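Letters A, B, ... mirror the listed sequences (proteins, then strands); counts begin at 1. A quick note: this is a predicted structure, and the numbers were derived from the prediction, not measured.
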Amino acid sequence: MYALIDCNSFYASCEKLFRPDLKHKPVVVLSNNDGCVVARSAEAKALGIRMGVPFFQVKDFCKQHNVEVFSSNYALYADMSHRVMSTLESLCPTVEVYSIDEAFLYLADYPVAMQNLEAYGKKVKQIVEMYTGIAVGVGIGKTKTLAKLANHAAKKYPGTRGVCVLENDRWIRRLMQITDVGEIWGVGRRYKKRLSDLGIDTVYQLAICEPGKIRQHFGVVLERTCLELNGQSCLGIEQVEPKQQIISSRSFSNRITCQQDLEQAICGHASKAASKLRVQQSVCSFMTVFAKNSPFSDTERYTPISGQYQFTTPTADTRVMVAAAREVLNHIYKQGIRYAKAGVMLSGICQHDEVQLDLFDVTGQDKDCHLEEKQTALMAVMDELNKKFKQDHYQQNALFIASEGIKKEQTWQMNRKLLSPCYTTRLKDLVVVK
DNA sequence: TCTGGGGTCCTAGGACCC
DNA sequence: TCTGGGGTCCTAGGACCC
């Protein structure tokens, strides 16, 4: 048995939490750069504002209907997420944090829950809401896919009061018959279309398919979904593993048209990626540098550029990685393009103590252990200081590589015109009750 | 004018091995 | 005339997730 706990309109709920005046008002939260709508309160959904719609298309509509609009405040959302997750950890011994606003609980070997699933589900919902102020939906089922389905029902049907337990077979069949196959975990837009071509439109029609047939047409992933719908568990609780791929990228608020600006942006991303790498105590062998203009333009041809660098010895040293990024950019840079987005991707990632040294490395790194130790120590000091003097995720670090440039002077830095205060992570933003 | 930023897994095909 | 059978590793691309 699995439970899926999912926060309702998470980002929008976080914004409402410290603004009681917004309690029954429509609220939307925008993506980075104030680009798209990525979260909507129930009231905003009711107004028909679509998920993922570019903000400029609904800006006037929002004004007309008094919709409260916010830029993404990740410092706030990350902290609230942490509170929700630690509350869940106090309610169940086995928790898998699946995303910023969702977690699976494994209930099968937890008698407290198994005795009465319905009561347990209600208790979880009530306690999370009481401790954090964030409303959640609870779905419980025999497999992860069924728990997801249950969660969907808990949100869609008011009769469930936010808690749905799938135990009764007749009930499960009925729910599957009235649920669109596209709602299922693992069925995206493409698969929905292809399933429809085969005459499969409801979850029930997929559930009664021969799993082997589904495998032939769609591969092993959807076959597992099919089995999971029938109560055969194929997906278990997963441990947190170090990332196998690390990306730092962002679009610019204004287009970039000169190499120097692009280089600063790329160096910033290389530096960010390097520090992410060190947080999980890894090193990487490959770095891909990429940049592109807008794919939405009618007048410009979409022109992505990219190039890769292989490190002779896997590294997590900011200085080495920034130098590599500059070199790659020099090779791939094309003039006359209005760059809209750029970034760096790291791969070939392994733990720092599992590094295979290069026999032909001439830098002397591997011959002189002291040098390598010094490099690691330098990075550790840098991380320590940046952590200590950290202000905001998006502000400049206390220590940084000069080729990243000065953030305050960069006109292409992210737009966040509608940012709310960091109520829970910055002392001066603390709410004052008078 | 203006369109996010991360990730995962699987498959097919080519190069190469014995 | 006739040219095996069984593997691994890597990469690119396609699907999905939030």
Checklist entry - A:Y191 vs A:F218 aromatic rings, parallel, tilted or perpendicular, using cut-offs 30° and 60°? => result perpendicular
Item to check | Sugar-phosphate only, base, or nothing, as touched by A:K193 at under 4.0 Å among non-hydrogen atoms | outcome: nothing
Checklist entry - Which part of the nucleic acid, if any, lies within contact of A:I184, taking any heavy atom under 4.0 Å across all strands shown: a base, the sugar-phosphate backbone alone, or nothing? => result sugar-phosphate
Item to check | Nearest-Å distance for atom pair CE/C1', residues A:M51 and C:dC18 | outcome: 8 Å
Next on the checklist: Under 4.0 Å, counting only non-hydrogen atoms across every strand here, what does A:F55 touch: a base, just sugar-phosphate, or nothing?
Outcome noted: nothing
Next on the checklist: Under 4.0 Å, counting only non-hydrogen atoms across every strand here, what does A:K59 touch: a base, just sugar-phosphate, or nothing?
Outcome noted: nothing
Checklist entry - How long is the line joining CD of A:Q239 and P of B:dT8, in whole Å? => result 16 Å
Checklist outcome for this item: For B:dG14, the nucleotide meeting Watson-Crick or G-U wobble distances (both under 3.5 Å) is C:dC9
Next on the checklist: Mind checking if A:S72 touches a base, just sugar-phosphate, or nothing, with heavy atoms under 4.0 Å?
Outcome noted: nothing
Checklist entry - Is A:E102 paired with A:K148 through a side-chain N to carboxylate O contact shorter than 4.0 Å? => result yes
Next on the checklist: I need the CD-P distance between A:Q308 and C:dT11, as an integer number of Å.
Outcome noted: 7 Å
Checklist entry - Which part of the nucleic acid does A:D101 contact within heavy-atom distance under 4.0 Å: base, sugar-phosphate only, or nothing? => result sugar-phosphate
Checklist entry - In terms of ring plane angle, is the pair A:F311 and A:Y309 parallel, tilted or perpendicular, where the classes change at 30° and 60°? => result tilted
Checklist entry - When all nucleic acid strands are considered with a 4.0 Å heavy-atom cut-off, which category describes A:N33: base, sugar-phosphate, or nothing? => result nothing
Checklist entry - Is A:E228 salt-bridged to A:K144, cutoff N-O under 4.0 Å? => result no
Checklist entry - Relative to the 5' end of DNA chain B, which residue comes earlier, A:S249 or A:E238, by the nucleotide with the nearest heavy atom? => result A:S249
Checklist entry - With sugar-phosphate meaning primed atoms plus P, OP1 and OP2, does A:V187 contact a base, only sugar-phosphate, or nothing at under 4.0 Å between heavy atoms? => result sugar-phosphate
Checklist entry - For the pair made of CZ in A:R338 and P in B:dT3, what is the distance, rounded to whole Å? => result 10 Å
Checklist entry - Base, sugar-phosphate, or nothing for A:I246, non-hydrogen atoms under 4.0 angstrom? => result sugar-phosphate
Next on the checklist: Assess whether a salt bridge exists between A:D383 and A:K387, defined as any Lys/Arg side-chain N lying under 4.0 Å from an Asp/Glu carboxylate O.
Outcome noted: no
Checklist entry - With sugar-phosphate meaning primed atoms plus P, OP1 and OP2, does A:Y98 contact a base, only sugar-phosphate, or nothing at under 4.0 Å between heavy atoms? => result sugar-phosphate
Next on the checklist: Need one value for A:R189: base, sugar-phosphate or nothing, where a base atom within 4.0 Å counts as base even if backbone is also close, heavy atoms only.
Outcome noted: sugar-phosphate
Checklist outcome for this item: Closest to the 5' end of DNA chain B, once A:S297 and A:K276 are matched to their nearest nucleotides, is A:S297
